[in-house]
Trainee: 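Starting off with a structure, shown below.
What you see is a predicted model, and the numbers here were worked out from it, not measured in a lab. Throughout, a chain's letter reflects where its sequence line sits, starting with A, and its residues are numbered from 1.
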Protein chains: 2
Amino acid sequence: MPTTSPTQTNGHLVQHAIAVDVVLFTIQDEILKVLLVKRQETPYRGSWALPGGIVSQEESVDAAALRELQEETNIGNIYLEQLYTFGEPNRDPRGRVITVAYYALVNWQQFQLKVRQRVSEASWFPVKRLPPLAFDHRRIVDYALERLRSKINYTTVGFQLLPRQFTLTELQSSYEVILGRRLDKRNFRRKMLQLGILKGTREFQANGRQRPARLYTFTKPKVITLQEKGIIVPF
Amino acid sequence: MPTTSPTQTNGHLVQHAIAVDVVLFTIQDEILKVLLVKRQETPYRGSWALPGGIVSQEESVDAAALRELQEETNIGNIYLEQLYTFGEPNRDPRGRVITVAYYALVNWQQFQLKVRQRVSEASWFPVKRLPPLAFDHRRIVDYALERLRSKINYTTVGFQLLPRQFTLTELQSSYEVILGRRLDKRNFRRKMLQLGILKGTREFQANGRQRPARLYTFTKPKVITLQEKGIIVPF
DNA sequence: TCAAAAGTGTTGTGTGTACACCCATGT
DNA sequence: ACATGGGTGTACACACAACACTTTTGA
């Protein structure tokens, strides 16, 4: 910390606690779920809350979010995007805490839950059936879901919820689960394939006693924004 | 301030200075401009910077942005939207300052510049010809412009740059200035009128020696998001 | 042979886009 | 009368949306 106070207003040093909170989404059994942790400390002791914590002195806010996320999961390289900053003075009964909210997407298969020592419990909840949440976390989840639903229409964030190889049916299912409505199979497939971002492999997935489905991979290294005629799901 | 420290990590109280910075846009003479102030204090003394300041103890972050904005202008009720939070540890050479950036839109006609005492100078600059800016403010302006260009496509934010009554040519011009490209007059007018958010008045604006243009008003009380087929300017 | 999901085309409708001329006014 | 910007309609291409049947496999 610098010896001279970095910022002043009316001669008073004004500083705030900054937190990050992460809305981590996954899809399990065709249900969109959010990771919550049970609080061990007051306030809201025993309530479910978003994983998160305080931004330390030397790290960037993004780095803090990434650190919190990796303390809850074992996976590196998770898609993480800043959502909004909530700065109402009374959102935390302990005093002023400004929180920078993020959302993140992880695919269930590669996810490994790592129980943290300072967190008694962590568990996935369907977004449609959340328990009462601490602070204003319910509002943050709602906002994250709105953002996710919006961005799935014109970017490839949705692919973050799938494993490296996936069938078109799985892909469509992930879109349906996020958007909360059914999509037409033929239209969806045609649109996806003509975007030129999928590559069909020579492998198939045998799911039971029906015809095996071709596996595809995503050809782009990361999440991209689709321009011009590249909107995935029309409004 | 509570007597117990609101937040702790590893036993250390961790607090940060929080600033707000506002990218205030207007359109003057068919040029998109941004309000900048000349810094009176170190660091970057004498450089141009975004209007902004420190969030005080009791106000919300949004309220701080609104306050800064109203210190620079005389207008209440300005459209203001949170943009992004920049939290790199070294973005301010004085020490750690996290900034929550906003953008705002004001129409030039009703704007009155109020010279602040603590700011020596404030001036409008075309976004295409900005001077060197303090801190990472150039990046913030770029981000704000990107957001504005994006949101003009599916919301009615663009109307905030116009007076209460305006001609369709003025409306089209504001879109062209923001998007940086010409639009087809007939297509633009048809699309705007069929959205059902404009009401033609019986007044006309005589602009010189040509046919007077009909004045329109915006029928919605505030900025709205257009859904379904309501995209203003197609991608 | 049956059940279950994979996979595949066509058609109608609506929207985006390109494009050129007359109108109303002031000088 | 002329210069200036205001105001209007049509035709084509393409994307979206709706819709049903055949294929492949395991049981």
Side-chain angles (χ1 to χ4, degrees), chain A residues 27 29-30 152-154 162-163 165-177 179-217 226-235, chain B residues 27 29-30 152-154 162-163 165-177 179-217 226-235:
Chain A
I27 292 178
D29 299 335
E30 305 200 340
I152 206 181
N153 290 308
Y154 60 96
L162 295 172
Q165 293 192 128
F166 49 86
T167 67
L168 289 182
T169 300
E170 288 170 340
L171 182 60
Q172 180 177 347
S173 171
S174 74
Y175 275 77
E176 290 175 339
V177 163
L179 294 172
R181 68 171 205 263
R182 301 301 304 272
L183 302 173
D184 182 88
K185 181 162 64 165
R186 279 169 291 191
N187 294 336
F188 181 85
R189 288 168 175 249
R190 185 187 319 111
K191 189 64 191 260
M192 276 295 168
L193 292 173
Q194 82 184 17
L195 288 175
I197 57 177
L198 295 183
K199 193 174 66 181
T201 70
R202 291 195 190 82
E203 297 178 62
F204 292 81
Q205 186 177 87
N207 265 328
R209 65 183 184 282
Q210 67 275 30
R211 177 173 174 175
R214 183 179 292 274
L215 289 165
Y216 289 81
T217 58
L226 302 166
Q227 299 145 338
E228 308 296 336
K229 301 301 177 190
I231 295 172
I232 294 177
V233 182
F235 291 94
Chain B
I27 292 179
D29 299 335
E30 306 200 337
I152 207 180
N153 289 307
Y154 60 94
L162 295 172
Q165 292 193 128
F166 49 86
T167 67
L168 289 182
T169 300
E170 288 170 340
L171 182 60
Q172 180 176 345
S173 171
S174 75
Y175 275 77
E176 290 176 338
V177 163
L179 294 171
R181 69 171 203 265
R182 301 302 303 275
L183 301 172
D184 182 89
K185 182 163 63 165
R186 280 170 290 191
N187 295 337
F188 182 83
R189 290 159 102 96
R190 185 188 317 115
K191 190 62 192 261
M192 276 296 167
L193 292 173
Q194 82 183 19
L195 288 175
I197 57 178
L198 295 183
K199 192 173 67 181
T201 70
R202 291 195 190 84
E203 297 177 61
F204 292 82
Q205 185 176 86
N207 264 327
R209 63 184 185 283
Q210 66 275 29
R211 175 175 174 176
R214 184 181 291 274
L215 288 165
Y216 288 81
T217 57
L226 303 166
Q227 299 146 336
E228 307 296 334
K229 302 302 177 188
I231 296 174
I232 293 177
V233 183
F235 291 94

Trainee: Rounded to the Å, how far apart are Phe204(B) CZ and dG26(C) P?
Mentor: 13 Å
Trainee: Take the protein atom CD of Gln172(A) and the nucleotide atom P of dA6(C), then report the distance between them rounded to whole Å.
Mentor: 9 Å
Trainee: Taking atom P of dA17(D) as reference, at what distance in whole Å does atom CG of Leu183(A) sit?
Mentor: 10 Å
Trainee: Test Asn187(A) against every option in Lys191(A), Arg190(A), Lys185(A) by the side-chain hydrogen bond (donor to acceptor under 3.5 Å, both in side chains) rule and name the one that passes.
Mentor: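 It is Arg190(A), the one option of Lys191(A), Arg190(A), Lys185(A) that forms the side-chain hydrogen bond (donor to acceptor under 3.5 Å, both in side chains) with Asn187(A).
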Trainee: Categorize Arg189(B) for me: base, sugar-phosphate, or nothing, with a 4.0 angstrom heavy-atom threshold over every strand shown.
Mentor: base
Trainee: Can any side-chain N or O of Arg182(A) pair as donor or acceptor with the backbone N or O of Glu176(A) at less than 3.5 Å?
Mentor: no
Trainee: I want to verify a distance call: between dA5(C), dG5(D), dC19(D), whose nearest atom is closest to the Asp184(A) side chain?
Mentor: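 The answer is dC19(D), which lies nearest to the side chain.
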Trainee: Contact class for Thr167(A) (heavy atom, under 4.0 Å): base, sugar-phosphate, or nothing?
Mentor: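 Nothing, no heavy atom under 4.0 Å.
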Trainee: To the nearest Å, how far apart are Asn153(B) CG and dG16(C) P?
Mentor: 12 Å
Trainee: Rounded to the nearest Å, what distance is computed from the CD atom of residue Gln205(B) to the P atom of nucleotide dG26(C)?
Mentor: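 Value for this atom pair: 13 Å.
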Trainee: Go through the side-chain N and O atoms of Arg214(A) and Thr169(A) and say whether any donor and acceptor fall under 3.5 Å apart.
Mentor: no
Trainee: Between Glu30(B) (side chain only) and Ser173(B) (backbone N and O only), is there a donor and an acceptor less than 3.5 Å apart?
Mentor: no
Trainee: Would you call Thr217(A) and Leu198(A) a side-chain contact if the rule is heavy atoms closer than 4.5 Å?
Mentor: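 In short, these two side chains do not touch, never coming nearer than 4.5 Å.
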Trainee: Check the distance between dC16(D)'s P and Phe188(A)'s CZ and give it to me in whole angstrom.
Mentor: 13 Å
Trainee: Verify the contact: side-chain N or O of Thr169(A) to OP1 or OP2 of dA5(C), cut-off strictly under 4.0 Å; return yes or no.
Mentor: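 For dA5(C), OP1/OP2 do not have a side-chain N/O of Thr169(A) under 4.0 Å.
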Trainee: Would you say the side chain of Lys185(B) and the base of dG7(D) hold a donor-acceptor pair, judged only by whether the two atoms sit under 3.5 Å apart?
Mentor: yes
Trainee: Quiz question: going by heavy-atom distance under 3.5 Å, is there a donor-acceptor pair between the base of dA18(D) and the side chain of Asn187(A)?
Mentor: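 Checked by distance alone, the answer is yes.
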Trainee: Counting only side-chain heavy atoms from C-beta out, which of dA6(C), dC19(D), dG6(D) sits nearest to Ala213(A)?
Mentor: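 My answer, after comparing the listed nucleotides, is dA6(C).
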Trainee: Quick check on DNA chain D: between Ala206(A) and Arg190(A), whose nearest nucleotide comes earlier from the 5' end?
Mentor: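 By nearest-heavy-atom nucleotide position, the 5'-most residue is Arg190(A).
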Trainee: Starting at CZ of Arg186(B) and ending at P of dG7(D), how long is that distance when rounded to a whole Å?
Mentor: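 These atoms are roughly 14 Å apart.
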Trainee: Here's a test of your reading of the structure: between Arg209(B) and Arg214(A), which maps to the more 5' nucleotide of DNA chain C?
Mentor: Arg214(A)
Trainee: Measure NZ/Lys191(A) against C1'/dG7(C) and give the value in whole Å, please.
Mentor: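 So the NZ-C1' distance, Lys191(A) to dG7(C), works out to 20 Å.
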